[in-house]
Amino acid sequence: MKLEVRLSRLGSTLWRMLAPTRVDVPLLLALGLLAALSLAVVWSASGQDTDMLMRQAMRFGLGFTLLAIAMRIPPGAWRRWTPWFYSACMLLLVAVAALGEGKGAQRWLDLGFVRFQPSELMKLGLPMMLAWHFHDRVLPPSLPAFLVALAWIAAPAALIAIQPDLGTSILVSASGLFVVFLAGLRWSWIVALGVTGLASSPLVWHFMHDYQKQRVLNFLDPEADPLKSGWQTIQSKIAVGSGGLEGKGWSQGTQSQLEFLPERHTDFVLAVYSEEFGWIGVAVLMLLYAFVVGRTLWIAANARDTFGRLVAGSFALTFFIYVLVNSAMVTGMMPVKGVPLPLISYGGTSAVSLLLAFGIVMAIHAHRR
Amino acid sequence: MIGVGSRRAIKDAQAEALLFQRRALTAFGLVLLVIAVVLGRFGELMILRHDHYAARSEQNRVKLQPLPPTRGLILDRNGRILADNRLAYRLELVPERVVELERTLDELSEFLAIDEEERARIIELAKLRRRFQSVPVKLRLDEDEVARFALERYRFPGVDVVPYLTRHYPEGELYAHVIGYVGRIDARELARLDAEQYSGTTHIGKTGIERHYEDLLHGSIGYEQVETNAEGRVLRVLERTPPRAGENLYLSIDGELQRAASAALEGKVGAIVAIDPRNGEVLAFVSRPSFDANLFVGGISRSNYQALLEAPGRPLFNRALQGGYEPGSTLKPFVALAGLELGLRTPQTAYYSTGVFQMPGQTLVFRDWKRGGHGRVDLEESLAQSVNSYYYQLALDLGIDRMHAYLGRFGFGSPTGIDLDGEAAGVLPSREWKRARFDQPWYPGETVIAGIGQGYNVATLLQLASATAALGQGGQRYRPRLLHARRGSFDEPLRSEAAVTVGEALVADPAHLAAIRRGLEAVMHGPTGTARSAAAGASYRMAGKTGTAQRVSRSRDESQQAALREGQRNQALYVGYAPAEAPTIAIALVIEQGDSGSQAAAPVARSLFDAWLLREPPAELAGAAR
């Protein structure tokens, strides 16, 4: 290729990146609102800790910057990079298995300037890989295409499960399965997949670590051991229940302010939110989440091609599954598990990777039909 | 066939978009459904079960902290402090905050004595306590220990020096048998105590006034509603109900008289009870030897306790309250009064003492203490010289039944009801008593010696003092009591305790009582009085009766039993009152292993009469307290 051609192509790419883009304002507003709520709740839950507030604000700054960059990269480019991205995520997961660090389980990778969980990135990488996998195939997918998709899912799921982080492994698998679902997998196969999954659960129990089993047992009867592992669940339910319809008011939640609630600014931030803003506050938050999910699905439905549809759609559902698991956790409906509340919990990797994902969604929106 | 080939197959973009839309719509429907379920779950916790969780949150947040009341002071009738509360320091630890309990205790014992017993107790308590409640490690740290711990404190997270109030008895031994002492609440007491009232209290009255008036002294507990965090650290006080301090008790004891009485028995084994005959107030209450009540407050050590148990004269034994003595001749005035009142004698009825007395038809001989007898005596002389044979005959004439009934009205044979626990009842023998006690009939010979207060008779000093006081007071008995007045705080007025009479006046004819009182005066001032030397040179008149008897041992102590078998020593007794015409003090005292009553006991009584009647009027406080 001639140099001039290359230069002109680079020039047009740069132009496209810098030119005003057709951003989806309602979705951006909803995300901004969530980020603002996050800062408010983290401020309260951290016991009015300015340092933590600043760190969370900087994460959102980084996240929205990444979003702004990602939305200017055309979906076609994202599609071409996908296999590389997926491979990079897999390499990182292998690296974590080899030399990662973390409390009890190896989840973190320390790159010197930043510590993050590669499994969080895989929540983006896997759906994108599957969308890439299906994008030029006839849909609904054939059996071989389906089986290959299952293999793409199984590889990272297994690597995360041996960290060990069964919960994230299941969530990552779910993000992949959503793609398969949205790709139009036949209902009969979906049923078959579900039955297989249920049948294999005793096998999963067998391979679970003791602390994971404890978590499940503990969930079944939290009051049996109120001082140790059941403590979180009980205190969380007390925080939520005592919030009532209208809540105790911002920074007035006694369960969190008096430190009865563990993990109050990270995984259990929803309990703090519930205690302080009440059921009305929870309803508002859930509607906000529903709006984000619905808007993203709408963007997916209007995408130009299969890749865009599947990526945006699966992001929407993955995003929602996090909301569901976290809500179930703080209300004592599911075993305690380190799942943050999307865009609200204090913590970097999750917020940044989610905003990056919404950047890709914005890019898909910008290149809609 | 399909496989890889499908990649090349022609995609129907329109159909695929529709397929996706259907799936996306299905998914969104499920999302909304799930959100409804989630909101339902939140609604269940936050609305339906809100009350339950609100209550539990409140329980979490608000803790009720007991504020133990300050124990009331104990003072003498003039306002001198006999028991107060002093600031002390104890070492406490919070098991959840120390790194490792066993190791912490090891390191602490480098500069604090913690023996194995205490160590086991601390570990046991640490297991029983609620979360983040502190466990006392050592009470009453001395200044050295506080200073040494302050230096090493950084090594012991979760261990703290905590100030608290502890009971202190400034007069030490002087009031140990009156006031008693407080000690740590033990398991048995814990079971019967009001758990709420005592939730912040560690000590309780074990003996004496401290025990009898525990309810008044303890006060009532206060509470602080405090907001705590999950570690139990108090963040702020929400509401406070202050405790009400225990009442300050003014005893009827006169400090000066008590000191004089105790000094008079210095080095001796004995006891003294002095009563105001006009109202039953106890003015002095001494049992010697005594002990330092302060030893018991912090928990007495095993070796100290053993030493007290083995000390000569058994200092822990409260002779004034629990000692039973053969009253001997001190019972004679009451027997004489019975003879007058029942019409068997007049004051002038004469009796001829030959030195020996024989019951009709029997060979057994009872003797007078004076060889050859006292000759012809009337009632006054029979008391002045303590003529046994007069009373042998009188006792026979009375018979045991009437004697028992009449002396019982003076309180012999039953506790006086003084405001102390554990008072002995003594023995006033009767046919029924002997039947029940020994399953034997009553013999007339036993009536004879009962007439001079011997045989089965056992009296307590309180009974003797109370009955003697009645003789000095027109025959009216008052219940002896130690509580003179009380008040809640020092700006409240004193509330005096009312005198409590016991029964009706005991004498039908005042002339009878006058005759007895003349006899008792003659003991002290008459030319033949047995205690006339003790009254010599007095500026006032006094009345009394001496007695010399064997102590009835109720102890199983080998050496004491042996001493009694040898008939080694006498018990010197004295009862009396002064001034004779209108007494303000009645005394009963005993000196064990002493000489005769007239030689050992009467001079002690004289010194106390002097101390009471000739003292400088007490300072201005007396006016307020009196």
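Throughout, a chain's letter reflects where its sequence line sits, starting with A, and its residues are numbered from 1. Treat the numbers as computed from the prediction; the structure is a model and nothing was measured.
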Please identify, among A:Leu185, A:Asn302, A:Leu317, the residue contributing the most non-hydrogen atom pairs under 4.5 Å to chain B.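 Option with the top pair count is A:Leu185.
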Heavy atoms only, distances under 4.5 angstrom: which of A:Leu245, A:Leu287, A:Val282, A:Thr306 has the most pairs with chain B? Name it, please.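 Answer, by heavy-atom pair count under 4.5 Å with chain B: A:Val282.
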Apply side-chain contact (heavy atoms from CB on, under 4.5 Å) to A:Arg309 and B:Gln21, showing your working. CA-CA 9 Å; A:Arg309 277 201 289 271; B:Gln21 278 172 20; over 6 Å; no
[X] and [Y]: which non-hydrogen atoms are nearest, and at how many Å?
X: A:Val240; Y: B:Met46; result: O-CG, 3.2 Å
X: B:Phe28; Y: A:Gly294; result: CE1-CA, 3.1 Å
X: A:Ala290; Y: B:Ile35; result: CB-CD1, 3.4 Å
X: B:Val34; Y: A:Phe320; result: CG1-CZ, 3.6 Å
X: B:His50; Y: A:Ser242; result: CE1-O, 3.2 Å
X: A:Ser274; Y: B:Phe42; result: OG-CE2, 3.3 Å

Would a 4.5 Å heavy-atom cut-off, applied to side chains only, mark A:Leu139 and B:Phe20 as touching?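 They are not in side-chain contact.
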Answer yes or no: is there a side-chain heavy-atom contact under 4.5 Å between A:Lys248 and B:Ser57?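 Yes; the side chains approach each other to less than 4.5 Å.
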Under the side-chain contact (heavy atoms from CB on, under 4.5 Å) criterion, do A:Thr331 and B:Glu44 qualify, and how do the steps go? CA-CA 10 Å; A:Thr331 54; B:Glu44 182 197 346; over 6 Å; no
Side chain, backbone, both or neither: which part of B:Val38 has a non-hydrogen atom closer than 4.5 Å to chain A?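 Only the side chain of B:Val38 comes within 4.5 Å of chain A.
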Check whether B:Leu39 gets within reach of chain A through its side chain, its backbone, both or neither, counting any heavy atom under 4.5 Å.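 Both parts, backbone and side chain.
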Within 45° cone of A:Trp187 ring axis and under 6.0 Å: B:Arg23 NZ or CZ: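 Geometry flag: set, cation within 6.0 Å and 45°.
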Measuring from A:Ile238:CD1 to B:Glu58:CD, what's the distance to the nearest 0.5 Å?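 Reported value, rounded in 0.5 Å steps: 12.0 Å.
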Region of [X] that comes under 4.5 Å of a non-hydrogen atom in chain B:
X: A:Phe134; result: backbone
X: A:Ala328; result: neither
X: A:Leu143; result: neither
X: A:Leu270; result: side chain
X: A:Pro141; result: neither

More than 12 foreign heavy atoms under 6.0 Å from [atom1] of [X]: is that the case here?
X: A:Arg80; atom1: CZ; value: no
X: B:Glu152; atom1: CD; value: yes
X: B:Arg244; atom1: CZ; value: no

Of the options A:Leu324, A:Val323, A:Val293, A:Ile321, which is the one that meets B:Val31 in a side-chain contact (heavy atoms from CB on, under 4.5 Å)?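 Option passing the side-chain contact (heavy atoms from CB on, under 4.5 Å) with B:Val31: A:Val293.
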Listed by chain and number, what are the salt bridge (Lys or Arg N to Asp or Glu O under 4.0 Å) partners of B:Lys138, not counting sequence neighbours?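 B:Lys138 satisfies salt bridge (Lys or Arg N to Asp or Glu O under 4.0 Å) with no other residue.
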Using a cut-off of under 4.5 Å on heavy-atom pairs, state which of B:Ala24, B:Ala55, B:Ala17 scores highest against chain A.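 Winner by heavy-atom pair count: B:Ala17.
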